[in-house]
Q: 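Dropping a structure here in structure tokens format, bear with me for questions.
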Amino acid sequence: MSKSLPIFKSWVPEWLIKLSILLLLLSSVLLFALSTADGAAAAGYYGMEPADVQFSLLLFYAAVASFAGVERRFFERIITKDYLLICIVLEILIAYCCYHTREIWLVFTFRFLQGIVNCGITSICLTLLFGRLKSEHSREVGYTIFYGMILCVSPVTALFAAPLVENFEYNVLYKAIIFCFLPTAALLFSILNRVHLIRKKPLYQLDWASFLLFVVMLILIAYVLIYGQQKDWLEDLSIVYSILAILSLAVLSVLRQKALKRPTVDLSVFKYRNFSVGIVFLVILYLIRGAFTLTSTYFITVLGMDSLHANELMIFNILGIIAGSYIAIRFLILQKMLRVLWVAGFALLAMFFTLMCFLFATEADASTFILPLFLQGLGAGMVMSPIVMFIVSAVPVQMGQSAASVGVLVRFSAFSLSLALMNYFQLYFRGNHNNDMRSGLTVLDLGLSERLTGYQNALSSHGMLKDEAAKVAVGLLNKAVQKQAFLQYCVNYYEIIAALCLLTIVLIALQPVISRTMINVKGKRPAAAGF
């Protein structure tokens with residue numbers, strides 16, 4: 001770092017420095033979930049399948065996760081202000097290309113490139129932010145703020161996207177994200193001095209081989225977990241070859257890291273018991289967190305809310321996350337029993353999923369869901385950042401980058417697995433319930449006749465011809481059956497997740513080492529791929 005110049009211009013107040021960093025960090029976080037902010041609108045605009053929309057999200061995630069190890073070397077070599085300018089210009093150009101394309105393969109390519117560049121922007125913001133945190137417990141606060149933002153990424157992005165998608169075509173989102181990046185990046189750029197934020201190192205012996213092994217493996221994992229269901233898993237040769245390639249690449253990656261003098265990922269992190277314990281709970285948390293997306297789908301699919309009103313309800317979830325994050329940081333600062341915090345958090349999550357099993361219905365008042373949504377946010381906020389900090393605290397400072405890289409891979413895999421499980425159980429449960437309900441419907445069923453007659457009378461009263469009304473009535477009945485099947489799927493899946501929450505509480509109770517661990521994140525910072 002330069003001795004003659006400070007990082008920021010001397011006239012800039014501290015509050016403006018932190019605000020500019022947080023605003024740019026928020027813009028980069030918004031970009032992560034942009035492709036799935038409104039999955040139906042994205043699929044309609046690009047002519048995609050729902051699985052393609054999910055895959056575009058995971059391509060972004062895979063790029064961030066795999067590039068994190070290599071990115072640090074660029075950060076060390078290039079002056080921070082210049083590096084920020086390069087990343088912002090590239091991000092805006094790629095977003096502009098996304099705005100003008102409708103080709104699916106180009107969307108996939110640009111989302112992958114966005115992930116690589118976004119990794120650099122996030123890395124700059126986190127390094128700047130954590131460099132400003134000097135007080136005794138400021139690092140814990142920094143972690144909590146960052147991972148609180150990560151928890152809010154889906155509802156915040158949906159709120160950002162909903163009014164735009166309602167009034168314009170889907171691609172306008174990429175134009176909007178450009179106008180988010182421009183002022184925030186310009187503000188941060190204008191107050192930075194041209195200095196090296198971290199010690200300058202020559203840009204040679206980059207471990208491109210490890211990056212390529214990781215990125216191909218992660219993309220194949222995403223491909224198998226997203227498309228495996230619709231391709232009948234091992235019945236399709238592309239899935240079989242992908243699984244074999246994943247196993248081969250995993251073995252090659254491990255052998256390469258063990259052979260390198262300075263490995264990108266030091267596998268000795270797994271020798272620390274607390275690290276492995278934390279990783280297990282992180283996987284569980286991401287499986288639980290993924291299930292939450294069904295709630296917003298229920299609001300739109302069953303209750304018939306538009307995207308804007310459905311996402312406005314999520315404000316209460318965001319308030320819960322803020323409250324839960326505050327409780328978590330108070331526990332950590334006061335060095336209270338960490339195990340109690342985790343048990344309380346997962347208990348609140350179990351309460352949410354249990355409550356929703358009783359609240360799922362074809363008709364409901366929106367205010368009914370305010371408390372459950374707040375409880376879900378409260379529980380998630382209480383466990384997210386403490387679990388991450390528990391993992392970080394489990395390894396020495398010099399292994400922090402390796403621990404972060406492993407954490408990124410685990411989060412990516414758990415997130416992908418969560419999507420795959422929901423896709424599988426949706427097909428399984430909805431198929432079963434559809435068959436059960438259809439088998440019980442016959443023309444002799446008085447309830448069925450009354451329902452069809454009711455539909456026909458309602459349509460006829462609006463001026464539709466009798467023959468046409470009879471045909472449309474059958475379609476409406478079929479839609480009602482589909483709606484009931486979806487409701488049953490939601491209930492069944494949430495029952496499984498509620499049971500997983502209870503099992504997690506038992507596992508926490510059996511791990512006294514959790515409360516004996518002192519959280520220490522001094523000298524460490526989150527990985528750029530914190531999602």
Side-chain angles (χ1 to χ4, degrees), residues 147 151 269-295 317 320-321 323-325 327-332 334-360 371-394 403 406-407 410-411 413-422 424-425 429 490-519:
Y147 284 99
L151 282 174
V269 292
F270 287 103
K271 293 179 181 177
Y272 297 88
R273 183 190 173 196
N274 284 11
F275 179 80
S276 300
V277 169
I279 288 295
V280 170
F281 287 112
L282 187 64
V283 171
I284 293 172
L285 177 60
Y286 265 71
L287 292 178
I288 293 170
R289 182 187 170 211
F292 180 58
T293 57
L294 272 183
T295 301
N317 184 249
I321 290 169
S325 299
I327 293 170
I329 199 60
R330 295 305 302 169
F331 260 77
L332 295 172
L334 297 174
Q335 295 293 328
K336 297 295 183 183
M337 292 182 68
L338 191 60
R339 193 160 51 158
V340 173
L341 180 67
W342 288 16
V343 167
F346 280 105
L348 287 169
L349 289 172
M351 191 182 302
F352 164 77
F353 288 109
T354 305
L355 275 173
M356 289 303 296
C357 289
F358 292 99
L359 294 177
F360 281 131
L371 180 59
L373 289 172
F374 181 83
L375 291 177
Q376 197 280 341
L378 188 65
M382 287 170 68
V383 296
M384 179 67 167
S385 57
I387 287 177
V388 173
M389 283 187 268
F390 179 86
I391 293 171
V392 171
S393 300
V406 173
V410 167
R411 285 195 293 271
S413 302
F415 183 71
S416 304
L417 180 60
S418 173
L419 293 176
L421 286 173
M422 284 195 291
Y424 171 75
F425 281 112
F429 285 130
C490 290
V491 171
N492 291 145
Y493 193 68
Y494 272 25
E495 284 173 346
I496 293 172
I497 298 299
L500 179 60
C501 292
L502 296 176
L503 176 62
T504 307
I505 292 171
V506 174
L507 290 176
I508 294 169
L510 295 174
Q511 292 290 336
V513 68
I514 294 173
S515 286
R516 291 201 298 265
T517 300
M518 297 294 290
I519 299 297

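The first residue in the sequence is number 1, and the count goes up from there.
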Q: To the nearest 0.5 Å, what is the distance between CG (Leu282) and CD1 (Ile391)?
A: 4.5 Å
Q: With a 4.5 Å cut-off on side-chain heavy atoms, are Tyr147 and Ile387 touching?
A: no
Q: Where do Leu375 and Leu355 land on the side chain to side chain contact (heavy atoms under 4.5 Å, CB included) test, with the steps shown first?
A: CA-CA 10 Å; Leu375 291 177; Leu355 275 173; 4.1 Å; yes
Q: Looking at every heavy atom in both Ile508 and Trp342, which two are closest together, and how far apart are they?
A: CD1-CB, 3.7 Å
Q: Under 3.5 Å, side-chain donor or acceptor atoms of residues 494-501 against the rest of the protein: list the pairs with distances, not counting sequence neighbours.
A:
unit_1, atom_1, unit_2, atom_2, d
Tyr494, OH, Ala291, O, 2.9
Tyr494, OH, Thr295, N, 3.4
Tyr494, OH, Thr295, OG1, 2.7

Q: Can you check whether Val410's main-chain N or O pairs, donor with acceptor, with Ser413's side chain at less than 3.5 Å?
A: no
Q: Can you measure from CD (Gln376) to CG (Leu349) and round to the nearest 0.5 angstrom?
A: 5.5 Å
Q: Provide the closest heavy-atom pair for Ala344 versus Met382 in the form atom of the first, atom of the second, distance.
A: CB-CE, 3.6 Å
Q: How long is the gap from CD1 on Ile288 to CD1 on Ile284, to the nearest 0.5 Å?
A: 6.5 Å
Q: Tell me, please, which residues at least two apart from Ser325 pass side chain to side chain contact (heavy atoms under 4.5 Å, CB included).
A: Thr144, Ile321
Q: Is the closest side-chain heavy-atom distance between Met356 and Pro372 below 4.5 Å?
A: yes
Q: So which heavy atom on Gly381 is nearest to which on Pro386, and how close?
A: O-CD, 4.4 Å
Q: Test of understanding: with side chain to side chain contact (heavy atoms under 4.5 Å, CB included), list the residues that count as partners of Ala414, not counting sequence neighbours.
A: Val283, Tyr286
Q: Report the distance from atom CZ of Arg339 to atom CG of Leu341, rounding to the nearest 0.5 Å.
A: 13.0 Å
Q: Any side-chain heavy-atom pair from Val383 and Phe346 closer than 4.5 angstrom?
A: yes
Q: With a 4.5 Å heavy-atom cut-off, do Ser393 and Asn274 have their side chains touching?
A: no
Q: Report the distance from atom CZ of Phe281 to atom CZ of Phe390, rounding to the nearest 0.5 Å.
A: 8.0 Å
Q: Say you draw a straight line from CD1 of Ile329 to OG of Ser385; how long is it, rounded to the nearest 0.5 Å?
A: 6.5 Å
Q: Please enumerate all residues that pass side chain to side chain contact (heavy atoms under 4.5 Å, CB included) together with Leu419, with sequence neighbours excluded.
A: Gln54, Leu58, Ile226, Phe415, Met422
Q: Please name all residues satisfying side chain to side chain contact (heavy atoms under 4.5 Å, CB included) with Ala323, sequence neighbours left out, ordered by chain then number.
A: Phe374, Leu378
